[in-house]
Amino acid sequence: MGIKIGLESHVQLISKSKIFCSCKNPFALKEDPEPNTLTCPTCLGLPGAKPVANNYVIDSALKAALAFQSDVSDEMFFSRKGYFYPDQSKNFQITQYEAPLALNGKVELKMGSKSKLVRLRRLHLEEDPAKIIHIGGLSGKGVLIDYNRAGSPLIEIVTEPDFESPEEARVYIQKLESVLEYLGIYDPTAIGIIKTDANISMGGGERIEVKNITGSKDIEKALKYEIIRQKNLLKRGQKPERETRAWNPQLGVTQLLRTKEDEEEYGYITEPDLTKISFKKNQLDAIRKDLPELPDEKYNRFVKQFKLPGKVAESIVSEPDLAELFENVSKKTNPKLAGTWVSGYLKKTLNWHNLRFKDSGMNPEWIVSLLKMFQTGKLTDRGAEMTIRKMVEEKKPPEQIVKKHSLGKAKIDLDKVVKAIIEKNQQAVEDYKKGEDKALHFLIGLVMRETKGQADAVEIQKVLKKLVK
Ligand code: ZN
Ligand code: MN
């Protein structure tokens with residue numbers, strides 16, 4: 001059965017100020033500000049207040065458009081999308097409809113050894129509405145409205161219905177996050193997020209929209225759920241109706257919101273308070289020239305230059321910060337070893353703390369020292385992992401960490417330890433001689449405990465075999 005999925009992603013940009021006023025933009029912050037502290041007459045939608053377009057935000061959107069190889073329009077303008085809801089006190093959202101910033105981009109996805117090209121239909125700018133907080137849940141007594149988010153900058157990126165599976169959709173969102181972070185216009189460690197609406201149809205049936213899916217993991221979950229739901233309907237001879245549903249991340253289900261309205265029903269009109277904006281070729285050329293090396297190019301270079309395995313290179317280039325660290329560290333150590341540890345345990349530990357290396361208080365030299373200690377056998381695998389964990393927590397170089405927490409590989413006289421254990425555990429030794437696995441594991445466990453886990457199980461077994469006659 002053919003599955004067709006198209007995505008509309010709203011990216012919360014990290015400019016200093018909002019899109020049409022000079023209020024601080026909350027998306028760039030690391031923690032939620034007090035409600036309704038970042039507002040002014042414009043973003044509160046008070047009568048008479050006039051919007052002014054933020055050039056920095058427009059430049060950010062242009063960077064994204066060019067990075068995705070879109071056709072930037074010669075001229076764009078803003079429109080009012082009319083709707084009545086308390087999150088939008090003006091009763092319209094300023095967005096772009098007839099004349100968006102860009103059309104026709106593309107994004108390449110890596111799916112194992114295969115790759116896939118996803119076509120972008122359009123990329124436009126708009127303001128985010130306010131945040132509505134339902135007191136006591138959706139069926140509760142009322143709502144609170146936080147206007148900090150009102151008028152904060154979004155780019156909306158709309159794809160063609162090119163996805164054929166939930167996995168592809170997940171990889172696409174990860175790719176968006178990655179490229180946008182490279183461009184310096186989106187920060188996955190700040191408050192701003194990517195929120196996606198998915199359109200999905202199966203077997204040539206009706207298109208169903210699932211709204212409000214945050215991040216890459218949930219897009220996969222939401223689509224998987226929706227596919228099963230629609231399959232079950234079809235199995236019972238029912239046809240999925242054209243409708244709008246919402247993803248509920250707590251329950252892991254999609255829920256009916258309303259039967260789908262058409263985009264035209266919003267009654268778009270041209271925004272009279274903002275001027276048309278045209279883009280000159282030299283302005284676009286300058287932005288294009290200034291684009292950083294993007295993940296795809298970096299991937300190809302890393303595989304070629306450092307002979308990294310594809311998976312390792314992919315994991316490292318997904319975050320600009322990690323890629324930079326890797327390049328620094330690989331100058332002074334074995335690049336393959338650096339690749340393994342940077343993409344592996346270090347990335348995992350930093351992500352756990354929602355940290356980028358540059359904000360971690362650590363120094364690339366520390367990683368170099370750590371890898372050298374590992375290479376020269378001063379640290380075991382496990383010891384190196386523990387050292388990384390403590391380095392991130394305590395922001396201290398590996399030498400200090402290893403000393404403080406006694407993580408170094410001790411010189412153990414294994415023969416001596418095993419001999420003592422044999423003497424004290426004659427019964428277990430007898431059972432071991434009879435070939436009982438349980439007894440073997442018991443003895444290994446005792447030696448492990450005695451050596452505080454620093455001896456290797458295979459080595460212990462060898463010594464046991466040698467000493468038990
Ligand atoms: Zn404002
Ligand atoms: Mn939108």
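Atoms within each ligand, like the ligands themselves, are counted from 1 in listed order.
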Report task. Under 2.8 Å from the Zn ion (ligand 1), which protein N, O or S atoms are there? Could you list them by chain and number? Result -> Cys21 SG, Cys23 SG, Cys40 SG, Cys43 SG
Query raised in the report: Can we call the ring centroids of Phe78 and Tyr97 under 6.0 Å apart?
Result: no
Query raised in the report: So, are Arg242 and Glu209 salt-bridged, with charged N and O less than 4.0 Å apart?
Result: no
Report summary line: For NE2 in His10 and OE1 in Glu156, the angle at the Mn ion (ligand 2) (nearest 10°) is 80°
Report summary line: Closest non-hydrogen contact found for Lys18 with Tyr147 is NZ-O, 3.4 Å
Query raised in the report: If we ignore angles and hydrogens, is there a donor and acceptor under 3.5 Å between the side chains of Gln12 and His10?
Result: no
Query raised in the report: Thinking salt bridges, do Glu324 and Lys358 make one under a 4.0 Å N-O criterion?
Result: no
Query raised in the report: Glu126: which N/O/S atom is nearest the Mn ion (ligand 2)?
Result: OE2
**Report entry** Contact summary for Ala338 and Thr333, nearest pair of heavy atoms
**Finding:** CB-OG1, 3.9 Å
Query raised in the report: Under 6.0 Å from the six-membered ring centre of Phe92 and within 45° of its axis: does the NZ or CZ of Lys90 meet both?
Result: yes
